[in-house]
Amino acid sequence: MLASVVTMPARAQEAAPTVAATLHADTPGPVIHRDVFGQFAEHLGHGIYGGIWVGKGSRIPNDGGYRSDVIAALKAVNVPMVRWPGGCFADEYHWRDGIGATKSRPTKVNTNWGGVNEDNSFGTHEYMGLMERLGAATYVSANVGSAEPAETAQWVEYMTAAQGTTVLAKERERNGHAAPWKLQYLGIGNELWGCGGNMRAEFAADMTNRYAQFAKAANGKMLKIASGPSDSNYDWTDAMMRIAGKNIDGLALHYYTRPRDKKWSDKGAALGFPEREWATTMSHTLQMETFLTRHSAIMDKYDPAKRVMLAVDEWGTWYDPTPGTNPGFLEQQNSLRDAVVAGLNINIFAHHADRVKMAAIAQMVNVLQAMLLTDGAKMVKTPTYWVYDLYKPWQGATSLPIELTSPWYHKDEVAVPAVSASAVRDTAGQVHVALVNLDPNRAMPVTVSLAGLQATQASGRIITGTAMDAHNSFDAPDVVAPQPFTAAQVAGGTLTVTLPAKSVLVLDVR
Ligand code: AHR
């Protein structure tokens, strides 16, 4: 291990004002749905091909065509749900291209992502096989932009109709799967305001009503997720909820963090960035709090009972692509900065657990803020992966309110609160506290008053490092990885800890 939690550069040890927090273990909040820790896997670059699916004949160790190393790593963080096949890809995808004998499947061009050939060797059966291996919930995005509602209706029937009933159920059986699959979520198109068809919100809402009407799962509840806003497009949320709110179970929100957010052609580098871009990355990430608050408030107008979820089914960092790679493949390295971004976003989702009941980081393997990177037979776990590992107890846990007053981190004109927190009581009754220090220079002394909790000790694991862009590579895979953390004290109902600069700490409080 190259990174150490004890050896910090001198500035990291500079004294900072104390962070004062109160954990209210006696006034529990809503349950954090495990699908908030969902993933997104699109037919994009090496997200599927090479990253997950190598085919049965591959020299890369595999289980029926799925990479064994990738499956094992994803299972280890309890991936609860995977959204597929897109993204922009979804609104040009025709599900019939991806069923039947692999050799007979048509090759098409992936017009959204790099203009490469798509041979459709990964289709519905292969996706469902992946979900079975992971024990994950299914989330399929239907083509609304360039296909008729009957195509969606038939795809849902193909997946869910009982064995031996309809023509499509029998076709599924001939293709190797007699039993129906459970389809937990159906996406009604993707980004209908953009790559999904450049629609106006009112038109998209009418389309949503139409497609939702005819998509009927034969084997139980299937939650219908409408294509929602990106960022601060509050008018979109208002129109969707007003026109289609009664016919949907969720509204998707997409928001990507870019260090430079003026032009998509100049987003900033994944590595070797200046501190100013660390700071803008943090301040842009924290906008998620405003977006969730304001979209939720609009949804409350039409749905005060909070029946319709806000599904943040695309979020994460988006940098300039790794030099020398196909820019359409959206490949980027993942550093300690991404780990801090992940911790901040998960804390925000936990604070909005009453409305945010599903989310998907973009994307699971090799694309944007990935969990895993692969190159041929090699695989490496990213700092973001390790954040998901730390936050496993949050899946299905009860949120506990935690109030916090934080000092500010300043860089040039950027000023953001340095410390963020969330807390949960897991399904076994154990309390966990997550603390994120986004200040890259200063350690933060933190005191947490424990209301309604008799505790005597706290220990856990931390992710930190010396460089802002500390990262794992195929040659050095363990530079950023969780380390045991035993430097927290609990006495007289107060938890005291000094949170190292640029760190994500998860403590079990006993
Ligand atoms: O995740 C990459 C792309 O970002 C998705 O295909 C699209 O939905 C979004 O714009």
Side-chain angles (χ1 to χ4, degrees), residues 38-49 51-52 81-93 108-116 118 122 127 139-146 185-199 201 204 207-208 225-233 236 240 250-258 261 263-265 267 270 284-285 288 291 310-322 325-332 334 338 341-342 345 358-373 382 384:
Q39 303 277 328
F40 174 34
E42 181 167 13
H43 287 238
L44 194 175
H46 297 296
I48 303 275
Y49 299 112
I52 295 168
M81 179 278 289
V82 182
R83 175 176 182 248
W84 173 85
C88 295
F89 183 82
D91 283 288
E92 292 189 26
Y93 183 64
K108 294 194 166 171
V109 173
N110 188 333
T111 58
N112 284 290
W113 305 118
V116 294
E118 162 64 59
F122 191 95
Y127 166 70
Y139 181 1
V140 162
S141 294
N143 181 344
V144 168
S146 66
Y185 301 98
L186 178 75
I188 316 274
N190 170 76
E191 298 192 350
L192 295 181
W193 39 263
C195 64
N198 298 313
M199 301 174 195
M207 292 287 270
T208 301
I225 310 296
S227 166
S230 86
D231 314 359
S232 61
N233 189 348
W236 185 277
M240 269 287 174
L251 186 67
L253 168 69
H254 291 181
Y255 175 54
Y256 286 97
T257 298
R258 290 172 289 149
D261 62 358
K263 288 191 291 183
W264 277 93
S265 55
K267 298 176 280 297
H284 296 167
T285 296
M288 181 70 90
F291 298 148
L310 195 51
V312 192
D313 63 15
E314 286 189 32
W315 69 270
T317 54
W318 195 327
Y319 307 124
D320 293 336
T322 303
T325 61
N326 182 333
F329 284 9
L330 310 187
E331 288 180 20
Q332 61 188 42
N334 191 295
D338 297 81
V341 167
N345 273 316
M358 185 257 273
I361 189 169
Q363 299 193 7
M364 192 158 71
V365 187
N366 287 333
V367 177
L368 298 176
Q369 190 175 349
M371 300 288 117
L372 304 169
L373 302 175
T382 67
T384 299

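Numbering of ligands and ligand atoms starts at 1, following listing order. Computation of the quantities below employed the complete heavy-atom set of this structure, encompassing side-chain atoms and omitting hydrogens, waters and symmetry-equivalent molecules.
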Handout entry: Geometric class of the Trp84/Phe122 ring pair [parallel <30°, tilted 30-60°, perpendicular >60°]
Key = perpendicular
Are there any protein N or O atoms under 3.5 Å from the N or O atoms of ligand 1? List them with distances, or say none.
residue: ligand 1; atom: 1 (O); partner: Tyr256; partner atom: OH; Å: 2.7
residue: ligand 1; atom: 1 (O); partner: Gln363; partner atom: NE2; Å: 2.9
residue: ligand 1; atom: 4 (O); partner: Tyr256; partner atom: OH; Å: 3.4
residue: ligand 1; atom: 4 (O); partner: Glu314; partner atom: OE1; Å: 3.2
residue: ligand 1; atom: 6 (O); partner: Glu42; partner atom: OE1; Å: 2.7
residue: ligand 1; atom: 6 (O); partner: Glu42; partner atom: OE2; Å: 3.1
residue: ligand 1; atom: 6 (O); partner: Cys88; partner atom: N; Å: 2.9
residue: ligand 1; atom: 8 (O); partner: Asn190; partner atom: OD1; Å: 3.4
residue: ligand 1; atom: 8 (O); partner: Asn190; partner atom: ND2; Å: 3.0
residue: ligand 1; atom: 8 (O); partner: Glu191; partner atom: OE2; Å: 3.3
residue: ligand 1; atom: 8 (O); partner: Glu314; partner atom: OE1; Å: 3.1
residue: ligand 1; atom: 8 (O); partner: Glu314; partner atom: OE2; Å: 2.7
residue: ligand 1; atom: 10 (O); partner: Glu191; partner atom: OE1; Å: 2.8
residue: ligand 1; atom: 10 (O); partner: Glu191; partner atom: OE2; Å: 3.2

Exercise for the section: Indicate the ring-plane relationship of Phe89 and His43, choosing parallel, tilted or perpendicular according to the 30° and 60° boundaries. Expected result: parallel
Practice task
Kindly say whether Met358 contributes a backbone atom to a donor-acceptor pair with the side chain of Asp313 at under 3.5 angstrom?
Solution key: no
Problem - Member of Trp315, Trp318, Tyr319, Phe40 meeting the side chain to side chain contact (heavy atoms under 4.5 Å, CB included) criterion with Leu368 - result: Trp318
Exercise for the section: Ignoring hydrogens and angles, tell me if any N or O in the side chain of Gln369 forms a donor-acceptor pair with the backbone of Ile361 under 3.5 Å. Expected result: no
Problem - Min side-chain heavy-atom separation Val312-Phe291 under 4.5 Å - result: no
